[in-house]
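The structure under discussion is supplied below as C-alpha cells; questions concerning it will follow.
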Amino acid sequence: MNMNGYSKNEMMISASSRTLAGERVCFVGVGLPNIVCNLAQRTVAPDLQLVYEAGVFGARPARLPLSIGDPTLVSGSTAVTSMFELFAFYLQAGLIDAAFLGGAQIDRFGNLNTTVIGDYASPKVRLPGSGGACEIAIHARKILVIMRQAQRSFVEELHFRTSPGHSGDPEHDRARGWSGSGPTSVVTDLGTYGFDEETGEMTLLTLHPDVTLDQVRENMGWEPKVSPDLGETPPPTAEELRLIREELDPQGVASS
Amino acid sequence: MNMNGYSKNEMMISASSRTLAGERVCFVGVGLPNIVCNLAQRTVAPDLQLVYEAGVFGARPARLPLSIGDPTLVSGSTAVTSMFELFAFYLQAGLIDAAFLGGAQIDRFGNLNTTVIGDYASPKVRLPGSGGACEIAIHARKILVIMRQAQRSFVEELHFRTSPGHSGDPEHDRARGWSGSGPTSVVTDLGTYGFDEETGEMTLLTLHPDVTLDQVRENMGWEPKVSPDLGETPPPTAEELRLIREELDPQGVASS
Amino acid sequence: MGESKVAAMRDAVAGLVRDGDTVAIEGFTHLICFAAGHEIIRQRRRDLTLARMTPDVIYDQMIGAGVARKLIFSWLGNPGVGSLHAVRRRIEQADPEPLEIEEYSHFGMVCRYVAGASNLPFFPIRSYYESDIPSVNPNIKPMRSPYEDGTEVYVVPPLRPDVTIVHAQRATADGDAQIWGLLGCQKEAAFAAERVIVVCEELVEESVVRQDPNRTVIPGIVVDAVVEQPFACHPSYAQGYYDRDNGFYLEWEQVSKDPAMLEAWLREWVYDLESHADYLEKLGDRFEHLKPGERWSGQVNYGEYA
Amino acid sequence: MGESKVAAMRDAVAGLVRDGDTVAIEGFTHLICFAAGHEIIRQRRRDLTLARMTPDVIYDQMIGAGVARKLIFSWLGNPGVGSLHAVRRRIEQADPEPLEIEEYSHFGMVCRYVAGASNLPFFPIRSYYESDIPSVNPNIKPMRSPYEDGTEVYVVPPLRPDVTIVHAQRATADGDAQIWGLLGCQKEAAFAAERVIVVCEELVEESVVRQDPNRTVIPGIVVDAVVEQPFACHPSYAQGYYDRDNGFYLEWEQVSKDPAMLEAWLREWVYDLESHADYLEKLGDRFEHLKPGERWSGQVNYGEYA
C-alpha cells in the first residue's frame with residue numbers, strides 16, 4: 001500500500017485490465033492475470049470469455065482460484081474440453097485473442113525465459129519450464145506480459161528462450177505466418193510498455209504515478225527505449241479498487 | 001429356405017458366428033455381420049464386445065439396426081466416442097480383435113474391392129468406396145469375410161483394390177508390421193474358406209450341406225485351392241435358428 | 001455473450017452459404033440436418049463442393065437438384081439400403097452433368113477435419129497401405145517417420161469448409177451446442193470451418209448448458225448462426241427426440257432410381273414448400289411412431305465451489 | 001464382461017508397477033491420484049521414469065522418496081504456490097543423486113500421449129518455433145509439410161507408459177470409467193499405456209455407466225485393475241466429491257524445502273501407514289470443510305429404441 005492508497009499489484013492489475021479493452025477470448029493464467037481478466041470482464045471488456053488451459057471455456061469462477069485447475073472454474077462454465085482439443089482446436093487454431101505470460105527473464109523484444117537461470121545442464125535455478133507458454137506465445141493474437149521489474153529479470157541476454165517474442169526484424173516477424181503477433185504490452189510495477197512497430201523493441205509508454213525514469217533505468221538490463229510522448233499511467237479508479245478488494249481478491253492473496 | 005429347413009443366409013450366419021469363438025472385441029457391420037455378432041455373443045463368444053464404427057463401444061442393440069448408426073446401438077451402450085477416437089484409439093491402436101468385411105469383388109488373397117466395377121475414371125458401377133474398410137483391413141487382428149459367391153465377385157483380378165488382403169508373399173506380409181494379420185476366414189453361401197499359412201491363398205475348408213465342389217468351381221473366377229481334409233459345414237443348430245428367427249431378425253430382414 | 005445469432009433457416013442459409021462454397025453438412029447417420037440441405041436446394045445454390053464422410057440421402061437429393069459440382073467423401077451409399085442413384089448417374093454417366101469426386105477412407109476424412117480444426121498443414125495416419133486409393137487421390141501422400149523406426153505413414157491435407165452445418169439436440173442463442181448419442185465428426189467439422197450454422201431441436205437458456213459443461217460439443221465462439229428447427233433431421237434422427245425414419249430410406253431407393261420421380265419428389269417436398277414447417281405439416285402424423293420411449297441419463301454433481 | 005479386475009491399491013501396484021517402468025499418474029490439477037503415488041513409495045519401487053504434464057506435489061513426494069531416475073514433463077511446479085524443491089535439489093545439485101529430465105511444452109506432452117494412444121510414430125504440432133526447447137530435447141524434430149504450403153512444423157514422438165494410473169469419479173468392475181470436470185489428458189494417457197490402473201471414488205454397477213455412455217472416458221478393455229478408493233486424490237480433488245486442499249499445497253512449500261522435514265513427512269504420512277485408509281483416518285475431519293455444495297448436471301433423454 002503506497003501513499004496513494006493502492007498497492008503496486010493493484011496498479012499493475014488496473015493497468016493490465018485496460019489492455020483487454022474490447023477483447024473477446026482471453027487465455028487466463030493464475031495469480032494476477034486471473035484477477036486482471038475478471039476485472040476487465042466487469043469493466044472494459046464485458047464480453048470477455050475466460051479460457052483456462054486446463055480445458056475450461058467460458059468460466060465463471062465463484063471464488064479466486066489458487067490454481068489454474070480449480071473446481072470453481074468448471075462449475076457453471078460453458079464448456080469443458082480435453083487438453084488436446086483446447087490446445088489444438090482453440091489455441092493452435094487461432095481462436096485466442098489475448099493471453100498473459102510472465103517469466104523469470106524477459107528481453108527487449110519480449111522473448112521470455114521460464115526454464116532455467118544459469119546453464120541448462122546444471123542450472124543455478126530450475127524454473128517450471130514452458131507449460132503452455134511456448135505455444136501460447138506463438139498462437140495467441142496478443143501477448144500481454146505482467147512482471148515486476150528488476151535488473152535480474154529485464155535482461156540484455158536471456159539464459160534460455162522458452163517462448164519466442166519479437167525477433168528484432170519486423171520483416172522476419174511478418175513472414176512467420178503465426179496467428180499470434182507477439183507481445184503487445186508489458187505492465188510492470190513501474191510503468192507500461194508497448195512494442196515499436198518498426199523495431200519490435202519494448203518501448204516505455206507510461207510511468208506509474210510517482211515513478212521516475214531513473215527508477216525504470218535502474219531496474220532494467222538495457223537502456224530503455226522511451227516513447228516521445230511518455231505519459232503517466234492513470235491510477236486505479238475507486239471502482240476498480242472496490243472490485244479487486246471486495247469481489248475478486250477479498251483475502252488480498254494477490255493484491256497486497 | 002431349402003429342404004433342410006434353413007436358408008442360405010441362415011447357413012452363412014451360423015457358420016460365420018462360429019468363427020468368432022472366444023473373440024473379445026469385434027467391429028460390427030450392418031446386415032448379416034450384425035446378426036452374426038449378436039448370435040456369437042449368445043453362443044460361442046459370451047464376452048464379445050460389439051464395436052460400431054459410428055463410435056459405439058459395448059452396444060446392446062434392443063432391435064436389429066438397419067443402419068450402422070441406429071439409435072438403439074447408443075442407448076445402453078458402454079461408451080460413445082468421437083469417430084476420431086474410435087479410429088485412432090481403438091482401431092489404429094490395435095484393440096479390435098475381429099472385424100467383418102465384404103465387397104463387390106474379392107481375389108484369392110482376400111483383397112477387396114468396394115470402390116468401382118470398371119474403370120475408376122468412368123466406372124460401369126460406382127460402389128460405396130472404402131468407408132472404414134481400408135483401415136479395418138490393416139488394423140483389425142482378424143478379418144472375417146461374408147460374401148455370396150459368384151464368378152463376377154470371386155475374381156482373378158480386382159478392378160480396384162480398396163482394402164488390402166494378403167500379398168501372396170508371406171515374408172512380405174510378416175514384414176508389414178500391421179496389427180492386423182489380414183483375412184482369416186471367408187464364409188459364402190456355398191462353403192467356408194481359410195487362408196493358407198504358406199501362400200496366403202484362400203483355401204476351401206468345408207462345403208455346406210448338399211453343395212458340390214463343382215458348384216464352388218462354377219462360382220469362382222479361379223481354380224480354388226481345396227483343403228486335403230475337406231469337410232462339411234455343420235448346419236445351423238435348432239438353437240441358432242431359434243435365436244436368429246425369434247430374437248435377432250424376427251422380420252427376417254437379413255435372414256431370408 | 002454479444003448479440004444473438006438466432007436466425008430462421010432461410011436467413012441463415014441466405015446469409016452464410018454462397019455459390020461455389022465448400023459446404024459440409026456433417027452427422028454420422030445421427031443428426032443429419034436435412035432441413036438445411038432442403039433450404040440450400042430451395043435457394044438454388046450452385047457449384048458447391050459438398051463434403052461429408054457419408055453423403056447419405058441428403059446429398060443424393062442436393063446433387064440430384066444440381067447444387068454441386070464436386071463431392072468429397074469416404075462412403076457413398078444409402079446406409080443399410082443401397083445406392084445413391086442421383087449421385088451414381090452423375091459419376092457413371094455424367095447425367096445430367098459430370099460430378100467431380102475426391103475420396104478418402106473414413107479415417108482419412110475424419111483426420112482431414114481434425115487437421116482443419118487444428119490448423120495443421122497435414123495429418124498422419126496408418127492407412128492406405130497397399131490400397132489403390134492413393135493412386136486415384138494425389139492428396140494422400142506417403143511420409144516417413146523422422147524417428148529411428150522410420151515407419152511409413154500416409155498424410156492427408158486439412159479440410160476447411162467455407163460452411164459447416166451441424167445439428168445438435170440443444171444450443172444457446174450464442175451457439176454453445178450440446179450433443180449426446182453419436183458424435184460423428186461434428187465437432188471437428190465445425191472447428192475446421194470458416195462459418196458455422198448450428199441447427200438445434202431446442203434453443204435453451206445459457207443456464208442449461210452451464211449446468212453440464214462436459215456435454216458441450218461446440219462453443220459459441222465458432223458459431224455464426226443458430227437455427228431452432230425441431231425435427232430438422234428427418235429422415236435422419238436426433239437421439240432421445242425421434243427415431244430414424246428407416247421407411248423413408250427404404251422408399252428413397254425407388255425415388256432416386258428414376259430421375260422423373262426424383263424431380264417430382266423435389267418439387268413436392270422442397271420447391272413447392274416454403275419451409276421445413278410446411279414439410280413437417282405435410283409429413284403429418286409420421287412422427288408419432290418415431291417417438292422413442294424415455295431413457296434418462298441420470299445426473300452427476302459438479303459441486304458448488306464458492 | 002469377463003472376470004472382475006477389482007483390486008486393493010496395494011495389490012494393483014504390486015502386480016502392475018515394476019522397478020524401471022515408465023509410469024504416468026495423470027490428471028491436470030484435478031483427479032491426481034496421490035494414494036497411488038504413496039503406495040508406490042511405500043512399496044519402494046526404484047528407477048522409475050515418471051511422466052506427467054505437471055509433476056505437481058505428488059511427484060515431488062515420489063522423487064523425494066527416491067523412486068525415480070528420470071522425469072518427463074512440461075511444467076514443473078507447485079501450482080499457484082511455488083517450487084517442487086525435492087525435484088529441484090536433484091536437478092540443481094544432484095542431491096542426493098542426479099535426476100534425468102526430458103521436457104516438452106504442454107501441447108507437446110499432450111500430443112505425445114495422443115500419438116501413443118493412436119499408434120502413430122510421430123505427431124505434428126505448430127510449436128517450438130524460435131524456442132530453445134528443441135535444442136535441449138532432440139526428440140523434438142522439425143518437419144516440413146509435403147503439401148504446396150511447405151509449412152514447417154515440429155513433431156514429437158509417441159509416449160507409451162508401461163503403466164498409466166488415472167482416477168475417475170466412478171467406474172465399473174470391468175474398468176469402464178466416467179469422469180466429469182477437467183479431463184486433462186487422462187483418456188490419452190490411458191489408451192497410450194501398456195497397463196492401466198483406474199482408481200475411482202465409487203465402484204458402480206454397469207447399469208449406471210450404460211445410462212449415460214457419452215460420459216464414459218475410458219473403456220474397460222484398456223484397463224487391468226480397478227481400485228475403489230474414496231478421497232484417493234487428496235490434496236488434489238474430485239469434481240463434485242471434494243475440493244482441492246489448497247492449504248496442503250501451501251504447507252508443502254515448507255516441507256519440500258527441507259530434506260529432513262520431507263523425510264519426516266514421508267515417514268509419518270506414507271511409510272508408517274498401512275494404506276490410504278490410515279492416511280484418511282489420520283487426516284481426520286480435514287475433509288469436512290472440503291465438501292462442496294451440490295450443483296447437479298440435470299439429465300438428458302437417450303430414448304428407448306426397442
Side-chain angles (χ1 to χ4, degrees), chain B residues 30-31 52-56 65-76 80-88 91-92 111 113-116 118 120-139 158-165 167 176-179 253, chain C residues 27-30 53-54 73-77 79-81 83-84 87-88 91-94 101 103-111 113-114 125-133 135-136 149 151 180-188 217 236-240 242-244 246 249-250 292 295:
Chain B
V30 283
Y52 289 79
E53 71 180 1
V56 181
L66 173 70
S67 85
I68 202 169
D70 192 284
T72 195
L73 299 174
V74 168
S75 295
V80 173
T81 173
S82 73
M83 292 190 77
F84 172 72
E85 285 170 5
L86 190 88
F87 278 95
L91 182 61
Q92 188 166 261
N111 294 285
N113 172 17
T114 53
T115 303
V116 288
Y120 183 81
S122 51
K124 186 161 160 305
V125 182
R126 173 63 222 201
L127 302 164
S130 166
C134 184
E135 37 264 358
I136 290 167
I138 289 165
H139 300 295
L158 298 178
H159 293 182
F160 189 97
R161 176 153 68 167
T162 311
S163 313
S167 67
R176 282 164 160 173
W178 300 352
S179 45
V253 174
Chain C
F28 195 87
T29 320
H30 184 212
M53 293 177 69
T54 58
F73 69 98
S74 51
W75 191 86
L76 190 67
V81 178
S83 291
L84 301 177
V87 176
R88 280 185 57 186
I91 297 174
E92 294 168 7
Q93 300 137 46
I101 60 171
E103 74 182 294
Y104 297 85
S105 59
H106 274 349
F107 194 33
M109 272 295 279
V110 170
C111 292
Y113 284 125
V114 173
I125 69 178
R126 286 189 192 242
S127 188
Y128 303 121
Y129 303 125
E130 299 178 34
S131 165
D132 291 337
I133 298 172
S135 71
V136 296
D149 57 298
T151 305
W180 52 99
L182 299 182
L183 302 171
C185 55
Q186 310 261 70
K187 172 187 285 195
E188 295 81 0
V217 170
S236 169
Y237 72 100
Q239 190 83 39
Y242 44 96
D243 200 351
R244 188 166 185 265
N246 290 325
Y249 278 88
L250 290 161
R295 190 154 174 173

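When reading the values below, keep in mind they use all heavy atoms of this one structure, side chains included, and skip hydrogens, waters and symmetry mates.
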- side chain to side chain contact (heavy atoms under 4.5 Å, CB included) with C/Asn246: which residues, sequence neighbours excluded?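 Checked C/Asn246 against side chain to side chain contact (heavy atoms under 4.5 Å, CB included); matches are B/Leu66, B/Asp70, C/Arg244.
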- Task: Between chain C and each of B/Gly118, B/Ala54, B/Gly69, B/Gly131, count heavy-atom pairs under 4.5 Å; write down the option with the most.
- Result: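 Most pairs with chain C among the choices: B/Gly131.
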- Task: Heavy atoms only, distances under 4.5 angstrom: which of B/Ser122, B/Pro123, B/Ser167 has the most pairs with chain C? Name it, please.
- Result: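 Top count of heavy-atom pairs under 4.5 Å with chain C: B/Pro123.
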- Message: Can you tell me which portion of C/Arg295 sits under 4.5 Å from chain B's heavy atoms? Options are side chain, backbone, both or neither.
- Response: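 For C/Arg295, the contact with chain B is made by the side chain alone.
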- Task: Report the option among B/Pro164, B/Ser163, B/Gly129, B/Ser75 that has the most heavy-atom pairs separated by less than 4.5 Å from atoms of chain C.
- Result: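 So the answer, after comparing B/Pro164, B/Ser163, B/Gly129, B/Ser75, is B/Ser75.
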- Given the options C/Ile133, C/Leu183, C/Val217, C/Val110, which has more heavy-atom pairs under 4.5 Å with chain B than any of the others?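 Highest number of pairs under 4.5 Å: C/Ile133.
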- Message: Quick check on C/Leu84 against chain B: is it the side chain, the backbone, both or neither that has a heavy atom closer than 4.5 Å?
- Response: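 The answer is neither part of C/Leu84.
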- What part of C/Phe107 is in contact with chain B, defined as an atom under 4.5 angstrom from a non-hydrogen atom: side chain, backbone, both or neither?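 Both parts, heavy atoms under 4.5 Å.
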- Message: Using side-chain heavy atoms (C-beta onward) and a distance below 4.5 Å, is B/Glu135 in contact with B/Phe87?
- Response: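 When only atoms from C-beta onward are counted, B/Phe87 and B/Glu135 do touch, with a gap below 4.5 Å.
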- Mind checking what makes side chain to side chain donor-acceptor pair (under 3.5 Å) contact with C/Tyr249, not counting sequence neighbours?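 In terms of side chain to side chain donor-acceptor pair (under 3.5 Å), with neighbours along the sequence ignored, C/Tyr249 is linked to C/Asp56.
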- Query: Would you call C/Tyr104 and B/Ser130 a side-chain contact if the rule is heavy atoms closer than 4.5 Å?
  - Reply: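 No, their side chains stay 4.5 Å or more apart.
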- Message: For a 4.5 angstrom cut-off between non-hydrogen side-chain atoms, does C/Thr151 reach C/Arg126?
- Response: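 They are in side-chain contact.
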- Task: Determine whether the side chains of B/Gln92 and C/Ser127 contain a donor N or O and an acceptor N or O closer than 3.5 Å.
- Result: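 Result is no, nothing qualifies.
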- Message: Please classify the contact of C/Met53 with chain B as side chain, backbone, both or neither, using a heavy-atom distance under 4.5 Å.
- Response: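 Looking at C/Met53, just its side chain touches chain B.
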- Message: Does any backbone or side-chain atom of B/Val125 lie under 4.5 Å from a heavy atom of chain C? Answer side chain, backbone, both or neither.
- Response: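 Both the backbone and the side chain of B/Val125 come within 4.5 Å of chain C.
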- CG-CG distance between C/Asp132 and B/Asn113, expressed to the nearest 0.5 angstrom: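 If I round to the nearest 0.5 Å, the distance is 8.5 Å.
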- Task: Between chain B and each of C/Ser131, C/Cys111, C/Gly77, count heavy-atom pairs under 4.5 Å; write down the option with the most.
- Result: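 Looking at each of C/Ser131, C/Cys111, C/Gly77 in turn, C/Ser131 comes out on top.
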- Message: Classify the ring geometry of C/His106 against C/Phe28: parallel below 30°, tilted from 30° to 60°, perpendicular beyond 60°.
- Response: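 The rings of C/His106 and C/Phe28 stand perpendicular, inter-plane angle above 60°.
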- So what's closer than 4.5 Å to chain B heavy atoms on C/Glu130: side chain, backbone, both or neither?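 Both parts, backbone and side chain.
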- Message: Under 4.5 Å from any heavy atom of chain B, what part of C/Ser105 do you find: side chain, backbone, both or neither?
- Response: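 Both backbone and side chain.
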- chain B contact via C/Glu188 - which portion, at a heavy-atom distance below 4.5 Å: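 Answer is side chain: those atoms of C/Glu188 sit under 4.5 Å from chain B.
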- Measure distances from C/Tyr113 to the heavy atoms of chain B and classify the residue's part below 4.5 Å as side chain, backbone, both or neither.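 Neither part; nothing is under 4.5 Å.
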- Shortest non-hydrogen contact from B/Thr115 toward B/Tyr120: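 Heavy atoms of B/Thr115 and B/Tyr120 come nearest at CG2-CE1, 3.8 Å.
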- Item | Non-hydrogen side-chain atoms of C/Glu103 and C/Leu76 separated by less than 4.5 Å |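 No, every pair of side-chain atoms sits at 4.5 Å or beyond.
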- Among B/Gly165, B/Cys134, B/Ala137, residue most engaged with chain C (heavy-atom pairs, under 4.5 Å):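 Result: the option with the highest number of such pairs is B/Cys134.
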- Item | Greatest number of heavy atom pairs closer than 4.5 Å to chain C - which of B/Gly177, B/Ala133, B/Gly76 |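 Counting heavy-atom pairs under 4.5 Å, the top option is B/Gly76.
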